[in-house]
Amino acid sequence: MTDLLERENLLGTYLRDRRAKLDPSVLGFASERRRTPGLRREEVAQRANISPTWYTWLEQGRGGAPSADVLDRIARALMLTEVEREHLFLLGLGRPPEARYRRNDGVTPRLQRVLDALEPCPALIRTATWDVIAWNRAAPVMLTDYGSLPPEERNILRYIFLDPRARAMQYDWESVARFALGAFRVDAARAGAATEVEPFVTELCRVSPEFRAMWRDNDVPGTHTEAIKHIRHPVLGPLAFEYSAFSVDGRTDLSMVVYNPATPDDAERIKSLLPTLPSDGAASDEPRTP
């Protein structure tokens with residue numbers, strides 16, 4: 001019976017395991033005369049600013065479900081990573097925590113090498129606010145030369161709504177713009193970035209009547225992570241791409257977008273331009289900061 005209760009009280013088991021892995025001396029607690037490794041229950045409660053009795057009940061599987069605020073305090077007290085914090089919420093509340101947006105200004109060399117290995121497929125990394133923070137040499141073929149833009153202007157929606165070249169390349173600009181704006185709305189909300197995008201949305205509503213009208217429509221597209229995209233390239237003529245978007249390492253704040261040439265001929269035509277493109281997106285030994 002005891003073993004069965006232990007298996008059922010997964011939250012308590014996880015909490016005991018996490019506190020046992022912390023070094024009391026590093027956190028300012030005396031480390032001598034401890035019968036077990038790690039922090040004591042009352043020390044975790046002190047760091048989390050909650051009642052020692054309530055914390056003890058949590059480990060023992062008593063007292064009902066904790067609140068999200070209590071779990072957040074415990075996660076900080078136990079110095080949990082984002083993945084560990086999510087696991088704590090799944091055990092304690094049966095759902096992940098609310099998204100907390102994290103700004104990203106660059107990518108690791110490993111991720112940049114993944115982008116470069118995809119050539120001649122144009123590929124890029126965008127944030128939940130649709131800022132482009134990394135790309136390969138083929139990406140300017142599809143959209144624009146991000147390396148020539150100031151970091152604050154490397155945004156896909158800014159390009160779609162404010163750059164005349166974006167309109168000229170699209171066969172149905174309004175449909176593309178409307179879908180992109182709806183997907184942006186979903187990405188920002190999912191990542192908990194509503195506050196961060198407010199100034200950007202305000203600016204585009206002011207300078208673009210089309211953006212303002214579409215934003216007020218509150219359209220949200222269906223889930224289409226894969227699609228065929230057609231453009232009119234100013235040099236190569238008509239091009240078709242298989243569009244795909246992927247989460248980066250399971251994170252809600254970064255996406256990898258890949259435009260796979262739909263035909264071998266399209267791929268060869270893109271390759272013909274690669275030697276003339278700048279290598280701003282090339283991999284380096286350090287994470288690239290825009």
Side-chain angles (χ1 to χ4, degrees), residues 104-107 111-112 114-184 187-188 197 200 204 207-208 210-211 214 221 224-246 248 254-262 266-267 269-283 288 290:
N104 284 273
D105 292 321
V107 300
L111 193 52
Q112 183 62 60
V114 172
L115 292 176
D116 295 337
L118 291 171
E119 293 178 6
C121 300
L124 56 85
I125 302 293
R126 73 180 183 213
T127 68
T129 59
W130 283 41
D131 290 325
V132 176
I133 60 173
W135 58 91
N136 62 13
R137 292 191 309 153
V141 172
M142 185 65 196
L143 294 173
T144 189
D145 182 6
Y146 296 107
S148 67
L149 299 175
E152 64 274 13
E153 295 183 11
R154 296 171 185 167
N155 183 276
I156 296 175
L157 286 187
R158 187 181 295 276
Y159 167 71
I160 291 174
F161 282 92
L162 302 184
D163 195 324
R165 293 172 296 180
R167 296 174 183 263
M169 290 178 67
Q170 302 297 334
Y171 287 94
D172 185 355
W173 177 87
E174 182 176 351
S175 176
V176 170
R178 189 173 294 277
F179 179 84
L181 182 52
F184 163 84
D187 285 351
V197 302
F200 173 70
L204 286 192
V207 299
S208 171
E210 295 96 335
F211 182 94
M214 293 181 191
H224 296 294
T225 55
E226 298 183 356
I228 299 294
K229 184 176 183 64
H230 299 269
I231 67 169
R232 288 187 294 243
H233 193 274
V235 176
L236 302 177
L239 289 174
F241 296 88
E242 296 172 341
Y243 167 92
S244 300
F246 309 93
V248 175
L254 291 182
S255 296
M256 176 181 291
V257 181
V258 180
Y259 299 90
N260 185 39
D266 287 336
R269 286 190 289 157
I270 294 172
K271 284 182 182 178
S272 71
L273 288 186
L274 291 185
T276 66
L277 293 176
S279 57
D280 296 278
R288 187 172 60 81

Under 3.5 Å side-chain donor-acceptor pair for Asn136 and Asp116: no

Validation row: Asn155, Val132 side chains within 4.5 angstrom (heavy atoms): no

Parallel, tilted or perpendicular: rings of Phe161 and Trp173 (30°, 60°): perpendicular

Asp187 side chain near Arg126 side chain, heavy-atom distance below 4.5 Å: yes

Worked verdict on Glu210 versus Arg167 for side chain to side chain contact (heavy atoms under 4.5 Å, CB included): CA-CA 12 Å; Glu210 295 96 335; Arg167 296 174 183 263; 3.0 Å; yes

Over all atoms of both residues, closest heavy-atom pair of Pro120 and Ala138: O-CB, 3.5 Å

Interatomic spacing from CG in Leu239 to CD1 in Ile231 - rounded to 0.5 Å: 5.0 Å

Met169 to Pro234 - nearest heavy-atom pair and separation: CG-CD, 4.4 Å

Backbone N/O of Asp172 and side chain of Ser175: donor-acceptor pair under 3.5 Å: no

Side-chain donor or acceptor of Thr127 paired with backbone N/O of Thr129 under 3.5 Å: yes

Non-hydrogen side-chain atoms of Leu118 and Tyr259 separated by less than 4.5 Å: no

Reference residue Phe211; test side chain to side chain contact (heavy atoms under 4.5 Å, CB included); the match among Leu162, Leu204, Ile160: Leu204

Partner of Met256 under side chain to side chain contact (heavy atoms under 4.5 Å, CB included), chosen from Val114, Leu124, Val107: Val114

Contact check, side chains of Phe241 and Ile228, non-hydrogen atoms, under 4.5 Å: no

Over all atoms of both residues, closest heavy-atom pair of Leu115 and Ala123: CD2-CB, 3.8 Å

Nearest atoms (heavy-atom pairs only) where Asp266 meets Pro238: OD1-O, 4.1 Å

Sub-4.5 Å side-chain heavy-atom contact between Ser272 and Leu236: yes

Centroid-centroid under 6.0 Å between Trp130 and Tyr159 rings: no

Validation row: His230, Gln170 side chains within 4.5 angstrom (heavy atoms): no

Distance-minimising heavy-atom pair for Val235 and His233: N-ND1, 3.0 Å

Side-chain donor/acceptor of Gln112 to backbone N/O of Trp135, under 3.5 Å: yes

Exam field: side chain Arg154 to backbone Asp131, donor-acceptor pair closer than 3.5 Å: no

salt_bridge(Arg137, Glu119) N-O dist < 4.0 Å: yes

Close side-chain approach of Tyr146 to Thr144, heavy-atom, < 4.5 Å: yes

N-O pairing of Arg158 and Glu152 below 4.0 Å: no

Closest contact, heavy atoms only, Ser255 versus Val248: C-CG2, 3.9 Å

Phe184 vs Phe200 side-chain heavy atoms within contact, under 4.5 Å: yes

